[in-house]
Amino acid sequence: MKKSSIYPRNGMLALAVLLLLLPTACSNDSEDKPEEKAFAVALKLYGSTENRVDASIEKVTLFVFNDQDQFVGQVKLTNDEIAKNSSISLDYVKTDYLTVLAWGNLSEEYVTINPLNTGSKIDDLKFTIKGENGNPCGENALYFGQQKVMRSSSLSLDPKVIEMKNKVSYASIQVIGVSPDNANAFQCLIKGGIARIFDYKGEAIEEFESINVALKPNVNGLSSDIYIVYPANSDSQIELYNDGQLYTSIDINIEGPRPLRFEEGLSIQAQFVFDDSATGQ
């Protein structure tokens with residue numbers, strides 16, 4: 001009888017089938033596991049139809065936070081880098097969404113940025129203006145936008161658009177009727193309404209008590225340069241002093257019967273008329 005010769009062959013066959021099945025099972029497991037897609041954003045100026053920014057924004061800083069509002073990274077982009085690609089890929093894992101804060105023309109020459117470490121909370125991000133003139137960005141405008149960005153569901157990385165708005169306001173002062181010889185006798189102050197510290201949402205959380213506006217002679221009297229300031233969403237008053245004494249002040253917006261207030265992207269032009277009887281206007 002040759003019974004012994006049957007079982008080894010069946011045993012070898014069973015082993016061969018088992019070895020073939022094992023790799024197949026592993027392959028199915030990996031295919032079932034979903035691949036995490038990257039996040040994607042695009043930047044545009046407020047009111048623009050194109051997903052890009054123009055030359056008024058020289059650089060952009062992205063502050064990135066996860067779905068627990070914890071800091072996970074910072075991305076710095078030049079205008080050239082943005083112009084080359086309207087979609088910016090953000091490859092972060094272990095989060096369902098990102099909160100992306102985009103600041104245009106942000107510079108540590110003009111503001112101190114509260115340092116962030118991995119895991120820092122979004123509330124920890126604050127900006128303090130360095131100079132006593134209230135300027136947060138030099139000769140440029142300062143732009144801001146924010147967006148909650150979900151993970152892309154396709155390989156095309158359809159970007160979530162972040163609209164960036166100009167956050168600063170502008171002020172210029174004129175004093176008519178002053179002789180150039182008496183220019184040093186006059187001083188101008190802006191009191192209230194100008195932010196010293198603002199938070200991650202771009203909202204003011206502390207104000208300057210006052211800003212000293214430098215006046216210089218011109219053909220009509222005195223004038224200031226254009227001052228760039230960060231609005232604090234509160235009322236302002238512009239005061240003119242002569243020989244250390246308050247001469248007059250402006251606290252009403254000339255365009256309507258409402259308090260004087262700096263607003264994002266808008267300008268305030270204040271004009272005083274100096275003579276023995278004038279109270280300013």
Side-chain angles (χ1 to χ4, degrees), residues 36-46 51-53 56-82 85 87-138 140-152 157 159-168 194-208 228-233 264:
E36 287 193 331
K37 311 296 184 185
F39 300 89
V41 297
L43 306 174
K44 64 180 289 188
L45 291 180
Y46 180 76
N51 289 354
R52 60 184 64 240
V53 296
S56 63
I57 300 182
E58 297 178 355
K59 58 185 178 181
V60 172
T61 304
L62 304 179
F63 296 91
V64 185
F65 297 83
N66 65 14
D67 54 12
Q68 302 299 312
D69 284 341
Q70 295 174 325
F71 179 68
V72 293
Q74 180 175 315
V75 180
K76 293 187 177 182
L77 303 164
T78 65
N79 187 283
D80 290 340
E81 290 172 323
I82 299 168
N85 191 347
S87 179
I88 303 162
S89 177
L90 301 173
D91 193 11
Y92 295 94
V93 298
K94 299 180 180 179
T95 182
D96 292 332
Y97 64 85
L98 297 176
T99 297
V100 182
L101 312 177
W103 285 93
N105 296 334
L106 186 69
S107 171
E108 293 191 72
E109 179 180 355
Y110 301 102
V111 299
T112 299
I113 304 171
N114 199 47
L116 297 175
N117 300 311
T118 300
S120 294
K121 300 296 287 184
I122 195 169
D123 291 341
D124 295 331
L125 182 58
K126 296 180 178 67
F127 308 89
T128 303
I129 297 171
K130 290 182 176 181
E132 293 302 314
N133 63 354
N135 188 326
C137 52
N140 297 313
L142 184 64
Y143 292 84
F144 172 69
Q146 63 178 338
Q147 190 61 268
K148 178 180 177 180
V149 185
M150 306 303 295
R151 195 178 295 279
S152 176
L157 290 181
K160 189 73 171 180
V161 176
I162 302 176
E163 284 195 323
M164 304 184 70
K165 295 179 66 174
N166 184 3
K167 295 292 291 183
V168 297
I194 299 176
R196 178 189 290 273
I197 302 175
F198 48 98
D199 65 11
Y200 74 96
K201 295 178 291 187
E203 297 180 356
I205 54 178
E206 184 179 311
E207 298 182 21
F208 284 95
I228 300 176
V229 298
Y230 198 101
N233 197 32
E264 296 173 359

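Note that the numbering runs from 1 along the sequence shown for the chain. These numbers come from a predicted model, not from an experiment.
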Looking at [atom1] of [X] and [atom2] of [Y], how far apart are the two atoms once the value is rounded to the nearest 0.5 Å?
| X | Y | atom1 | atom2 | result |
| --- | --- | --- | --- | --- |
| Leu43 | Ser87 | CG | OG | 10.0 Å |
| Phe127 | Ile205 | CZ | CD1 | 10.0 Å |
| Asp199 | Ile122 | CG | CD1 | 9.5 Å |
| Phe71 | Asn117 | CZ | CG | 8.5 Å |
| Glu264 | Tyr143 | CD | OH | 12.0 Å |
| Ile197 | Thr128 | CD1 | OG1 | 4.0 Å |

Compare every heavy atom of [Y] with every heavy atom of [X], then report the nearest pair and how far apart it is.
| X | Y | value |
| --- | --- | --- |
| Pro159 | Val41 | CB-C, 3.6 Å |
| Tyr92 | Phe39 | O-CE1, 3.4 Å |
| Asn166 | Ala141 | OD1-CB, 3.5 Å |
| Cys137 | Val168 | SG-CG1, 4.0 Å |
| Ala195 | Ile129 | O-CD1, 3.1 Å |
| Lys130 | Thr112 | CE-OG1, 3.2 Å |

Is a donor on one side and an acceptor on the other found under 3.5 Å between the side chain of [X] and the backbone of [Y]?
| X | Y | result |
| --- | --- | --- |
| Arg151 | Thr95 | yes |
| Asn79 | Ile57 | yes |
| Asp67 | Asp96 | yes |
| Asn135 | Gly138 | yes |

Legend entry - Full working for side-chain contact (heavy atoms from CB on, under 4.5 Å) between Tyr200 and Phe65: CA-CA 11 Å; Tyr200 74 96; Phe65 297 83; 5.9 Å; no

Any non-hydrogen side-chain atom of [X] less than 4.5 Å from a side-chain atom of [Y]?
| X | Y | result |
| --- | --- | --- |
| Leu45 | Ser56 | yes |
| Arg196 | Phe208 | yes |
| Asn133 | Val229 | no |

Legend entry - Lys/Arg-Asp/Glu bridge criterion (N-O < 4.0 Å) met for Glu203, Lys167: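 No salt bridge links Glu203 with Lys167.
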
Inset, instruction - Please step through side-chain contact (heavy atoms from CB on, under 4.5 Å) for the pair Val75 and Leu90, ending with a clear verdict. - result: CA-CA 9 Å; Val75 180; Leu90 301 173; 4.0 Å; yes

Inset, instruction - List the steps, then state whether side-chain contact (heavy atoms from CB on, under 4.5 Å) holds for Phe63 with Leu106. - result: CA-CA 12 Å; Phe63 296 91; Leu106 186 69; 3.9 Å; yes

Legend entry - Selection residues 102-129 - residue pairs positive for salt bridge (Lys or Arg N to Asp or Glu O under 4.0 Å), sequence neighbours left out: none

Legend entry - Ring centre gap for Phe198 and Tyr230 strictly below 6.0 Å: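 Here the rings of Tyr230 and Phe198 have centres that are less than 6.0 Å from each other.
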
Inset, instruction - Show your working on side-chain contact (heavy atoms from CB on, under 4.5 Å) between Gln147 and Val161 and close with a plain yes or no. - result: CA-CA 8 Å; Gln147 190 61 268; Val161 176; 5.7 Å; no

